[in-house]
Every structure is written in C-alpha cells, then in structure tokens.
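Taking it in order: structure first as structure tokens, then the write-up.
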Amino acid sequence: MQAQYMPSEVESKAQQDWESRRAFIVDESSDRPKYYCLSMFPYPSGKLHMGHVRNYTIGDVLARFHRLNGRNVLQPMGWDAFGLPAENAAIKHGTPPADWTYNNIDFMRGQLKSLGLAIDWEREIATCKPDYYRWEQWLFIQLFEKGLVYKKTAQVNWDPVDQTVLANEQVIDGCGWRSGVPVEKREIPMYFMRITDYAEELLEELDHLPGWPEQVKTMQRNWIGRSVGVEVHFPLLSEDGVLKVFTTRADTLMGVTYVAVAAEHPLAEKAARNNPVLARFIQSCRQGGVSEAFVSNLEKKGMSTGDYVRHPLTGEALPVWVANYVLMGYGEGAVMAVPAHDERDFEFAKEYGLPIKPVICSGSERIMSSCDKATTDYGVLIDSGVFTGLSSKEAIIRIASALEEVGLGLSRVQYRLRDWGISRQRYWGCPIPIIHCSLCGDVPVPERDLPVILPEAVTVTGAGNPLAYMSAFVETTCPRCGSEAHRETDTMDTFVESSWYYARYASPDSSQAMVDDRARYWLPVDQYVGGIEHAILHLLYARFFNKLMRDAGLITNNEPFVNLLTQGMVLKDGSKMSKSKGNTVDPDQLIKQYGADTARLFMMFASPPDQSLEWSDAGVEGAFRFLRRLWKTVYDFMALPETQEVGQMSVELIALRRQLHETIVKVTDDYGRRQTFNTAIASIMELMNSFLKIQEVHLTARKIQRELLENMVILLSPIVPHICYVLYGALRPNESLLDAQWCLVDEEALKKEEEEIVIQVNGRLRGRITIPVNATREWVESRAESDSQVERFLAGKKIRKVVFVPHRLVNIVLENE
RNA sequence: GCCCAGGUGGCGGAAUAGGUAGACGCACCGCACUCAAAAUGCGGCGGGGUAACCCCCCAUGCCGGUUCGAUUCCGGCUCUGGGCACCA
C-alpha cells in the first residue's frame with residue numbers, strides 16, 4: 001500500500017477490476033431479491049454537466065448500498081437521443097443530427113464511465129435507433145387500432161417568417177427566437193393519445209404510491225385537476241341550440257351577468273362572419289404564443305358578439321362576449337361569468353362596465369352594493385329567488401337538479417388534464433407509422449413493415465421538416481388498397497421515448513417484442529432518481545405508458561416506479577449552472593484534478609439530494625482532504641509496529657466502539673430510509689475524528705481500531721467506491737469489497753448506563769444532568785429540582801407542573817406571578 | 001396569472017415523531033511543526049451584555065396564533081427557485 005493517496009491510480013485500478021470481474025453485469029437467475037435502480041437517462045447534449053454527475057451519483061449510492069445488502073441490483077444507462085437540440089446543432093454546424101447525437105453519446109459514455117458507476121453497460125439503449133423505436137411504432141399502432149390514438153386539430157406557435165412551428169421555449173415574449181416577429185396561433189391536425197381515459201386511474205393510484213414525495217403527488221393531482229361540477233346549458237336567443245359551460249360554482253348561477261367564450265369558439269367565429277370589428281378582434285387574439293404561461297399573463301381583453309343567450313332558470317337575456325382569458329382547451333371553451341364571485345370575471349366586468357350582481361354572502365360580511373373586489377368564499381345565497389337562504393353546498397345540489405329538471409344542465413366531472421398531442425413537425429424524432437391514402441384514409445403501417453426508419457442522411461435548414469421533401473421516404477403505396485399514398489412526416493413527441501425506456505432496459509435486445517418476460521422480473525423500478533423539473537409531464541406520461549403496456553398484456557405492474565427521489569438543481573453563486581451565465585464547472589476537469597470519488601463525496605455531502613446544491617470549490621477541497629486523511633489513517637494503521645501488549649478495554653475504547661455501532665445504525669437509516677447522504681457522511685466524519693483521538697497502542701485497541709476502519713470503509717463505499725475498494729483490499733488482502741456484506745450492528749455495544757438530559761424552567765434551558773438510563777421519573781424530577789443551576793430559578797416560585805420527556809428533558813413550569 | 005417547493009451563523013448545511021438551535025464541513029483567527037512557505041496537527045469561531053471561557057438576553061425571511069415548550073404545527077405576508085402540456 002502506498003503512503004500517498006493517488007486518486008487516478010486508485011480509480012483506474014478499481015474500474016479495471018470491476019470490468020474484468022463483470023461485477024455489474026446482471027441476470028435474472030440470481031436467488032437474491034431484485035432491486036432495479038434507475039436514474040433518468042440523459043439527453044446527449046454534448047457533455048456531462050454537474051446535474052448529471054449529481055443524479056447518477058445519487059442513483060449509484062443507492063444501487064451500491066442495496067447490493068451490499070444482498071440485492072440483485074440492476075442499474076442500466078442509455079440515451080434519450082431524439083430531440084430539438086440535435087436539429088439546432090445541425091442548423092448551426094451543418095452536421096446531420098444523427099452524427100452529432102452519436103458523437104455526443106460516445107463522448108458522454110466515456111465521461112460516465114470515469115465516474116465509476118455500477119452500471120450494466122450491456123443493456124445500453126439509444127432511443128434514436130430503429131431497434132428501439134420500432135416498438136414505439138408498434139405500440140402506437142396497437143393504440144391506434146384500439147382507438148386510444150385519434151386525430152384532431154390543435155393550436156401551435158407559428159412563425160410567419162420562418163414558416164415553421166415553434167416550440168414554446170422558442171417563443172420569447174410572444175416573438176419567434178430566430179425571426180423576432182410576433183408568432184401566431186395556428187390550428188393544425190395532430191395525433192392525440194387518450195390519456196384522459198386514464199385520468200381517474202392516474203389520479204387514484206397516486207394514493208397508493210407511498211414511496212413518492214408528497215410534493216410530486218400534489219402537483220400531479222392538481223395537474224389532472226378533477227373537479228365535480230355542473231354543465232350548464234344556456235339556450236341561444238336567436239336560434240336553436242345551447243351554449244355549454246362547466247362550473248364548479250353552480251351556487252352562483254343567479255349572479256351570472258354575461259357569458260364569455262374563447263376566441264376560437266364556434267359561436268365567436270359565427271358572430272364574426274357579419275361583424276368585421278369582431279373578426280379583427282378575434283384575429284388579434286391569434287397573436288402571440290400558445291403556452292398557458294404566456295396566455296394567462298395577457299391583459300384581459302374582450303368584445304361583445306352582439307348575441308344573447310337565455311339564463312336557464314330565469315330566462316333573462318345575457319350578452320355573449322369573446323374574452324381572451326377563456327381557454328378553448330379547458331371544459332367547453334366558454335364560461336358563465338359571475339363578476340361578484342370570480343376574480344377574473346370581476347376584473348373583466350369592471351373593464352367593460354358589465355353588471356356585477358352579488359348572490360353569496362360569506363361570514364358576517366355586509367352585502368356589497370358597489371363592490372371593490374370579488375368574494376370567492378362559499379356562504380349563504382342572497383337575492384337568488386327560490387334558492388335564497390341556502391348554503392352554497394346545498395345550493396349547488398339544488399340548482400343542479402333544477403337545471404336537470406328543465407333539461408338545461410347536468411352534474412358531471414371535468415378534468416383539467418387534456419389528451420396528449422404527440423405529433424411534432426420535426427425531423428429528429430420517431431416517425432409516426434401512418435400512411436395517408438386518398439381512398440382508405442389514415443392507414444397504420446402493417447407490423448411486418450416496421451420499423452419505419454428515419455433516414456439519417458439529411459440536411460436540416462430550420463425551415464420546415466426535411467422529411468417532407470424526401471420523396472423516397474414520403475412516397476409509398478397504401479398497405480390496404482395498393483394505390484399511391486404518402487407517409488406521415490410528423491414525428492412523435494420525444495416524451496414518448498422516455499415514457500417506456502425503463503421497461504425496455506429489462507430486455508434491451510429483444511427482437512420479438514417490445515418487452516419480454518424479463519420485464520416481469522425487473523419491473524416495477526424500485527428506485528427512480530431524477531430532477532424535480534420532471535415532476536409532472538415525464539412522470540405522468542411514464543405512468544400512463546406503464547398502464548398502456550399493462551393493458552396491452554406486456555407487463556403486469558400498475559405503476560412503473562415504486563420509490564421516487566427528485567433531486568434538486570446544482571447552483572453556483574445562487575443561480576442554476578448554465579453556459580449562458582458562464583458559471584459552469586467541468587466534470588472532466590474536476591475528476592482530473594481530484595478524482596471521481598472527491599467529486600462524488602462533495603456532491604453527496606453538500607446538501608441532501610432533494611435540495612438544491614450550492615457549488616463550492618473550497619468544499620471540493622475539503623472533501624479531497626477527508627479522503628486523503630482516510631487513506632493516511634488506514635496506511636498508518638497497517639504500518640503500526642508489532643506489539644505484544646494485550647491492554648485493557650478502557651472507557652474510551654468502549655465509548656468508541658459504541659459510537660461505531662451507533663454510526664452503523666444511523667448511516668444504514670440515512671441510506672436506506674431517509675436518503676440523506678450528507679448526514680451519513682457527517683456521522684462517519686465524526687467517527688473518524690473520534691478514531692484519531694485514541695492514543696492507545698495495545699492489541700485490544702488495535703482490534704477495535706481494525707473493526708472501526710473495516711466498517712468505515714464499507715459505510716463510505718457507496719459514496720466513494722474506488723478508494724474504499726482499494727482500502728478494503730489493503731485491510732483484508734484476500735478479500736474483495738465486491739463480495740462484502742453491509743455492516744452488522746452489535747446490540748451489546750449500543751448499551752449505555754448513563755445519559756445526559758436537560759432541565760428547563762418554563763421551557764428555557766437552565767441546566768443539564770447525567771442520570772442512570774433506568775432512573776424513574778420521580779427520581780429524575782427531584783434531582784432536577786434540587787440542581788444547583790436550576791434552584792435559583794425556582795426560588796420563591798410555585799411549581800405548576802413538571803413535564804418529563806424520557807431520555808430528553810425535564811421542564812419545570814412555574815405558576816404565573 | 002395558476003400549481004408546487006424553499007428561506008437557519010461569513011458560506012454549504014444539522015436538528016429524523018413539537019423537546020439542548022447551529023452537528024459535520026468550508027472560510028477565517030490563533031498556536032505548534034518549519035530557515036520560510038505549503039501540507040499537517042491542536043485550539044477558537046451566531047449577535048449583544050459583562051472584569052469574566054460563570055451567567056443573562058436576543059436570534060431560524062416578516063407579522064400574528066396554538067403550546068409547558070415552535071426551525072418544526074396553523075393563518076397572513078414577502079422574497080427566491082421549479083413546473084405550466086412543442087426544452088429535456
């Protein structure tokens with residue numbers, strides 16, 4: 001063993017050993033229970049960033065911990081390889097997206113390997129390869145045939161100069177990022193997946209995911225947005241038909257003073273035909289992007305259509321307005337406006353001088369005459385005809401049945417969740433396997449013709465989808481009638497690939513099926529690790545696909561991820577590391593200077609995984625110092641001269657050994673249950689500090705020191721696997737850490753005879769005493785009251801009561817003066 | 001605008017089930033070693049009061065509440081971050 005800690009030598013030796021022993025290549029024949037540990041696969045953007053290093057270290061720590069605890073651990077890796085950046089790079093550098101992507105993958109694979117992750121690299125997948133995406137196309141066809149995929153139009157951001165569809169992130173302040181001109185909303189046909197068919201199950205199953213953060217489940221619940229309410233039908237005044245709206249506040253129905261429809265609503269479009277001013281207004285609503293964040297920040301604008309509807313219960317004529325705050329995508333694309341009890345309606349009514357009619361009185365509040373704000377609280381109905389005096393809750397039921405009686409409404413459930421539009425007018429994605437035939441319509445590609453291969457040799461210009469100009473791709477024959485036909489040139493949303501990759505890792509080489517029997521062994525994923533930014537979309541789509549695959553008979557589990565750990569971001573100087581801010585840290589540079597173990601240790605020590613992590617060069621230095629000290633401690637121990645002195649089990653040694661076993665208990669809990677690696681490291685550091693205080697050199701001391709070092713190396717090994725692998729080999733020359741077991745707790749060593757507790761007077765700390773662990777409450781209380789530090793706070797006062805918390809404190813509460 | 005988090009010393013953070021606020025590390029200061037420096041080791045380190053390392057007071061973004069006791073629970077506010085369906 002060398003006296004000096006040389007990270008590069010240690011790490012290359014360890015990595016070579018692991019590779020030659022095929023240590024992390026797994027199969028399903030093990031008799032140990034399986035543990036599938038998955039970190040979100042990276043987009044091959046060029047090189048690893050610190051967020052990746054953090055993500056994959058967290059996953060690796062858990063994988064290695066569970067391996068030491070006897071599990072058959074699968075930790076795979078792959079590439080989320082389709083996506084927009086490859087096209088942007090192609091436009092900028094003229095490199096085809098495929099070349100750019102494969103080069104990035106090769107480079108990043110090398111970087112990942114240098115981190116020393118316990119990955120089964122034989123299961124690597126890249127979603128841009130036909131042997132992966134053919135199964136996505138296969139499933140698409142199954143869904144198409146089941147009616148779970150359908151076609152309708154949807155709004156997109158249209159750049160009128162570049163003549164192309166823009167992603168939301170490519171729209172800045174309502175303008176195209178390259179052209180700089182205002183974007184427009186445009187309706188185009190798209191394929192949709194019926195995720196709303198699964199809304200109820202996706203919502204309900206959240207209650208059965210105890211291993212998910214509450215925060216994520218709340219976000220998903222709100223996103224699905226189940227609401228129970230009433231669909232109200234307002235008969236049109238000038239013709240047959242009704243205007244449908246959905247409301248959760250039927251109790252306010254008698255306070256409706258107008259109705260508002262989205263600019264794209266058929267009623268608005270019809271009214272605009274004979275009204276050029278309205279047509280111009282509707283046209284102006286088309287300006288700007290489609291994202292909800294953009295739309296909801298717009299100043300509220302509207303215009304009367306000149307049409308009226310009848311109130312379903314009073315028959316009163318109510319004006320129909322077009323309003324830019326009404327979204328076509330939610331509910332019926334129309335709302336009943338109750339300005340007195342809805343903030344947006346209120347603001348709009350004020351702006352356009354529409355009447356405000358209060359119908360709910362909440363609490364002791366006085367009835368407003370000319371109110372200055374909307375009150376959205378539930379209360380008691382006023383000025384509401386036969387419903388006056390009812391509570392909101394009762395009124396909702398009564399009004400719903402009154403509507404049902406006249407055939408102008410019904411109670412129903414509405415979801416905020418919308419069906420998933422998966423068509424993208426982009427080249428670098430999975431081709432949608434549909435052939436358009438003028439006679440047969442949209443015909444799915446027959447299974448025998450899969451995959452529909454994406455041509456990789458292309459020139460990307462940024463204007464339109466290059467696939468559309470490739471006649472060899474587009475021109476084909478109809479599989480049904482044989483006549484001339486053309487292929488769909490849209491590709492799928494890249495969220496589709498990442499919605500099922502976790503299942504493919506189980507059988508990555510299967511050429512006969514999307515997933516095979518091995519998926520039943522590995523699924524569900526026991527631990528999923530990834531960024532909190534994926535809390536809604538990716539995780540919801542992945543849950544949805546799991547259910548689709550289950551219903552296609554491929555797998556049997558209901559949910560894909562048993563436990564979810566959402567990691568926080570890596571910050572430097574208080575903000576997210578990014579190229580544009582110039583505050584990035586290069587992982588390669590870091591590993592070159594200090595080694596992967598130091599990088600891993602710092603990242604795990606700096607904060608708990610689910611919080612953001614503030615980068616600190618000095619902190620990295622500190623992590624490196626600790627590893628150097630660990631190395632030197634083991635080296636010094638091994639180099640101790642022989643001794644014959646037997647020695648005594650001193651108080652210090654007993655305490656040290658107790659600390660070791662307390663640390664094992666704590667670290668095991670920190671890795672396994674709490675997943676707070678920072679506190680695990682801190683307690684190992686404390687153990688190390690105690691170790692270094694021991695001066696005794698006899699055989700008894702040495703035995704305990706060895707016990708400490710061997711255990712410490714195992715405790716740290718999930719976080720800093722290379723140095724621990726080598727140190728373990730030095731401590732136990734004929735053994736390998738790869739075959740080691742997790743540390744065992746000696747309950748005997750944990751036993752204590754005395755403990756310290758604190759004494760409070762009126763909740764304030766006034767003293768501390770050491771007591772026998774088995775002391776009775778009475779004994780402790782009398783000791784506390786007679787304590788010299790405490791007595792003076794009790795002088796002349798009457799004790800009202802004494803609170804006793806075993807192992808912690810005695811609180812003496814005095815009478816008030 | 002809507003939904004979800006977070007705010008504790010000079011800094012990263014700890015306090016796990018309402019029970020000793022500041023573990024562990026960084027930075028800084030002092031000392032030892034050294035011709036010197038680096039490295040290493042030892043000690044100190046929230047603010048204020050005080051002759052005092054006795055002790056007391058203040059202190060976990062802000063305001064209020066519940067409790068014997070609140071960083072932790074509740075209400076209101078504020079700032080920062082994540083997401084908002086075509087970035088991944």
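Just so we're on the same page: letters track the sequence lines, and every chain starts at 1.
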For [X], report the nucleic acid contact type (base, sugar-phosphate, nothing); a contact means any heavy atom under 4.0 Å.
X: Asn689(A); answer: sugar-phosphate
X: Tyr325(A); answer: nothing
X: Leu84(A); answer: sugar-phosphate
X: Gln215(A); answer: sugar-phosphate
X: Ala535(A); answer: nothing
X: Pro42(A); answer: nothing
X: Met492(A); answer: nothing
X: Val295(A); answer: nothing
X: Leu417(A); answer: base
X: Asp493(A); answer: sugar-phosphate
X: Met569(A); answer: sugar-phosphate
X: Arg674(A); answer: base
X: Ser423(A); answer: base
X: His534(A); answer: base

Please confirm whether [X] and [Y] have ring centers closer than 6.0 angstrom.
X: Tyr325(A); Y: Phe348(A); answer: yes
X: Trp420(A); Y: Tyr541(A); answer: yes
X: Phe624(A); Y: Phe602(A); answer: no

Is any side-chain N or O of [X] under 3.5 Å from a base N or O of [N], one able to act as donor and the other as acceptor?
X: Gln425(A); N: rC86(B); result: yes
X: Arg800(A); N: rC68(B); result: no
X: Gln611(A); N: rG13(B); result: no
X: Asn168(A); N: rC86(B); result: no

Considering only side-chain heavy atoms of [X], which listed nucleotide, [options], is closest?
X: Ala618(A); options: rA27(B), rC87(B), rG25(B); result: rA27(B)
X: Asp80(A); options: rG25(B), rA88(B), rG82(B); result: rA88(B)
X: Ile532(A); options: rG82(B), rG12(B), rC68(B); result: rG82(B)
X: Val165(A); options: rA88(B), rG19(B), rC86(B); result: rC86(B)

Worksheet item: How many angstroms lie between atom CE of Met190(A) and atom CG of Asp419(A), to the nearest 0.5 angstrom?
Response: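 The distance works out to 12.5 Å.
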Figure out the [atom1]/[atom2] separation between [X] and [N], and round it to whole Å.
X: Glu292(A); N: rC84(B); atom1: CD; atom2: P; answer: 10 Å
X: Trp428(A); N: rA88(B); atom1: CH2; atom2: P; answer: 13 Å
X: Phe294(A); N: rC84(B); atom1: CZ; atom2: C1'; answer: 14 Å
X: Leu613(A); N: rC11(B); atom1: CG; atom2: P; answer: 17 Å
X: Tyr427(A); N: rC86(B); atom1: OH; atom2: P; answer: 22 Å
X: Gln760(A); N: rU67(B); atom1: CD; atom2: C1'; answer: 13 Å
X: Glu214(A); N: rG6(B); atom1: CD; atom2: C1'; answer: 17 Å
X: Trp615(A); N: rG25(B); atom1: CH2; atom2: C1'; answer: 15 Å

Ion pair present between [X] and [Y], side-chain N to carboxylate O less than 4.0 angstrom?
X: Glu347(A); Y: Arg344(A); value: no
X: Arg783(A); Y: Asp787(A); value: no
X: Lys300(A); Y: Glu343(A); value: no
X: Lys666(A); Y: Glu662(A); value: no
X: Glu184(A); Y: Arg286(A); value: no

Worksheet item: Watson-Crick or G-U wobble partner for rA51(B), using a 3.5 Å limit on both distances?
Response: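 The base-pairing partner of rA51(B), which may sit in any strand shown, does not exist here.
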Worksheet item: Where the side chain of Asp610(A) meets the backbone of Thr566(A), is there a donor-acceptor pair that is under 3.5 Å apart?
Response: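 Not a single qualifying donor-acceptor pair exists.
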Practice prompt. Produce a footprint string for nucleotides 48-56 of chain B: one letter per nucleotide, 5' end first; B if the base is under 4.0 Å from any protein heavy atom, S if only the sugar-phosphate is, - if neither.
Written response: -------SS
Discussion item. Checking side-chain contact (heavy atoms from CB on, under 4.5 Å) between Phe495(A) and each of Leu537(A), Ile422(A), Leu540(A), Asp80(A), which is the one that passes?
Written reply: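 The passing option is Leu537(A).
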Does OP1 or OP2 of [N] have a side-chain N or O of [X] closer than 4.0 Å?
X: Asn678(A); N: rA14(B); value: yes
X: Asn222(A); N: rC2(B); value: no
X: Arg424(A); N: rC86(B); value: yes
X: Thr494(A); N: rA88(B); value: yes

Fill in: Earlier contact from the 5' end, RNA chain B, for Asn811(A) and Ala682(A)
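Looking at the nearest nucleotide for each, Ala682(A) comes out on the 5' side.
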Worksheet entry | Of Ala606(A) and Glu686(A), the one whose closest RNA chain B nucleotide lies more 5' |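 This one resolves to Ala606(A).
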Worksheet entry | Whole-angstrom distance between rA15(B) and rA37(B), as gauged at atom C1' |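 Between the two C1' atoms, the distance is 41 Å.
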Between N or O atoms, less than 3.5 Å apart, protein on one side and nucleotides 37-40 of chain B on the other: list the pairs.
from: rA39(B); atom 1: O3'; to: Arg628(A); atom 2: NH2; distance (Å): 3.3
from: rU40(B); atom 1: OP1; to: Arg628(A); atom 2: NH2; distance (Å): 3.0

Item to complete: Give the minimum heavy-atom separation between Leu590(A) and Ala599(A), together with the two atoms involved.
Response: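 Looking at all heavy atoms of both residues, the closest pair is CD2-CB, 3.5 Å.
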Fill in: side chain to side chain donor-acceptor pair (under 3.5 Å) against Tyr528(A), all qualifying residues, sequence neighbours excluded
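Only Tyr501(A), His538(A) meet the side chain to side chain donor-acceptor pair (under 3.5 Å) criterion with Tyr528(A).
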